[in-house]
Visitor: 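Below you will find the structure I want to go over with you.
First listed ligand is number 1; within each ligand, the first listed atom is number 1. Just so you know, residue 1 is the first one in the sequence shown, and it goes up from there.
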Amino acid sequence: MQQGRDGFSSRFGVIAAAAGSAIGLGNIWRFPYVLGENGGGAFFLVYMAFILVLGVPLMLTEMSIGRAGQRNPYGTFRFLAPKTKWYLVGVMGVAAAFLILSFYSAVAGWTLQYLFDAVTDGFSGKSSVELNGMFESFRSSTYAPSIWTLVFLVMTGCVVVAGVEKGIEKYAKVLMPLLFVIIIILDIRAVTLDGAEEGLKFLFHPDFSKLDSKAVLEALGQAFFSLSLGMGTMITYGSYIGKKENLFSSATSVSLADTAIAVLAGVAIFPAVFAFGIKPDSGPGLVFITLPNVFQQMPGGYFFSVLFFFLLVIAALTSSISLLEVVVSYFTEELKISRAKATVISFISIGVFGVMCSLSSGPLKEATIFDKTIFDMFDYISSNILLPVAGFLIVIFTGWKWARKSVSNEILGKDKPETSLFKVFMFIIKFIAPFAIALVFMNAVGILDL
Ligand code: TRP
């Protein structure tokens with residue numbers, strides 16, 4: 001650890017914070033709706049394959065780069081590959097963080113409104129159709145979604161100003177395990193609903209006729225998004241991990257926890273989608289429309305709805321903190337401004353874009369580029385373009401540019417002999433991952449036509 005540099009204080013803290021970054025709206029809001037739009041089971045299988053073959057190795061790679069560099073992503077690439085253009089990967093990360101935070105805080109704003117509705121018992125007695133109408137009228141209004149977006153960004157800023165150990169770690173450690181428990185309770189209710197089987201079939205029974213090249217790219221984008229990869233988040237967090245930690249086990253535990261939450265969220269949502277006659281391809285509103293129906297069907301529904309939306313806000317917060325941390329650590333370390341100032345500057349600029357994203361379901365609905373709203377555009381460019389491209393560059397860097405010895409020193413410990421697991425990892429990083437990412441990407445954007 002560099003002198004005077006903030007860092008995580010314990011092993012569980014590292015995993016909780018990195019898992020806190022990975023687990024968020026990506027698992028509970030984005031995964032179910034993207035899966036629903038892409039036909040279900042077949043998408044799920046492809047997603048799982050990407051997590052295993054590309055996600056875990058890339059996470060390990062990012063953590064190693066960060067810990068070796070001891071800096072923000074931009075500074076890390078300058079340090080590990082001086083006098084080259086690799087630092088541009090860090091710049092892409094900062095750009096992606098801006099875009100992601102903008103639409104992310106818009107959705108987090110919706111969760112704040114839903115927490116408010118849950119507390120004030122706003123769902124009770126409403127039919128499925130009414131709950132749908134409630135969501136649509138809320139998100140197309142002007143003030144409430146924008147104000148909640150800004151409230152959420154202020155909350156994020158407050159934690160980031162407090163720094164790594166006292167801010168991020170402290171919250172993540174307690175609240176992430178609680179989220180696990182709540183989702184399992186929701187799952188039990190969902191799978192025992194009348195008509196639940198159809199939802200489980202949708203999720204777990206692959207129908208490959210529904211899978212096209214666009215869906216495969218969506219699955220890749222979702223895998224990277226969910227694991228917080230391709231943006232420098234895990235490089236930044238890696239830089240806070242102590243030299244004694246085993247990165248291999250950190251990366252696998254975090255990926256496992258993240259995937260478990262996504263699957264559990266899918267199991268909570270799809271049985272209910274079918275039981276209540278909601279369309280699985282309803283888009284970004286899916287969770288907000290579906291779960292209030294479930295709460296109404298359970299004893300203690302009021303209590304569970306409040307707790308669930310509270311934890312969803314926290315899950316979003318531990319992720320948005322990690323996004324903002326990339327921007328703030330870049331500003332403080334490279335532009336030499338104070339943490340507080342960096343946070344305020346980020347807040348103002350991201351606030352403007354965040355409000356634009358939240359208005360793009362309402363007053364700015366017609367403002368489209370290539371048929372996509374501002375919100376969809378930000379999501380598409382970051383998840384399906386910037387994350388895969390940066391992920392590609394990061395594996396190329398590790399496989400072909402960074403000395404193999406340095407990689408093994410970081411992952412296995414100084415001067416330890418290579419294990420067979422490490423050899424498999426290097427093979428994936430050198431050959432399989434770049435090839436697979438490039439193929440999926442070029443096929444979906446039409447450069448290649450398989
Ligand atoms: N993974 C987070 C989620 O699932 C979001 C997130 C945090 C993220 N940091 C990221 C996504 C970096 C992409 C890149 O909600």
Visitor: List the atom pairs, donor and acceptor, that lie under 3.5 Å between side-chain atoms in residues 285-295 and the rest of the protein, sequence neighbours left out.
Guide:
unit_1, atom_1, unit_2, atom_2, d
Thr290, OG1, Leu286, O, 2.6
Asn293, ND2, Ile289, O, 2.9

Visitor: So do Leu227 and Ser255 actually touch side chain to side chain, heavy atoms under 4.5 Å?
Guide: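 Yes, their side chains come closer than 4.5 Å.
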Visitor: Using a strict cut-off of less than 4.0 Å between a Lys/Arg side-chain nitrogen and an Asp/Glu carboxylate oxygen, indicate whether Arg339 and Glu325 qualify as a salt bridge.
Guide: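 Counted as a salt bridge, because a side-chain N and a carboxylate O are separated by less than 4.0 Å.
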Visitor: Could you check Val107, Leu35, Asp379, Leu25 and say which one makes a side-chain contact (heavy atoms from CB on, under 4.5 Å) with Arg30?
Guide: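 Among the candidates, only Asp379 passes.
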Visitor: Taking a 3.5 Å cut-off between nitrogen or oxygen atoms, can you list every pair linking ligand 1 to the protein, with distances?
Guide:
unit_1, atom_1, unit_2, atom_2, d
ligand 1, 1 (N), Ser21, O, 3.3
ligand 1, 1 (N), Ala22, O, 3.0
ligand 1, 1 (N), Phe225, O, 2.7
ligand 1, 1 (N), Ser226, O, 3.1
ligand 1, 1 (N), Ser228, OG, 3.0
ligand 1, 4 (O), Ala22, O, 2.8
ligand 1, 4 (O), Gly26, N, 3.3
ligand 1, 4 (O), Asn27, OD1, 3.4
ligand 1, 9 (N), Ser228, OG, 3.3
ligand 1, 9 (N), Ser322, OG, 3.4
ligand 1, 15 (O), Leu25, N, 3.1
ligand 1, 15 (O), Gly26, N, 2.8
ligand 1, 15 (O), Tyr104, OH, 2.4

Visitor: Hydrogens and angles aside, do Asn72 and Thr236 bring a side-chain donor and acceptor to less than 3.5 Å of each other?
Guide: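 Not at all, the side chains of Asn72 and Thr236 share no donor-acceptor pair under 3.5 Å.
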Visitor: Keeping Ser239 on the side-chain end and Arg67 on the backbone end, is there a donor-acceptor pair under 3.5 Å?
Guide: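 Side chain of Ser239 to backbone of Arg67: no pair is present.
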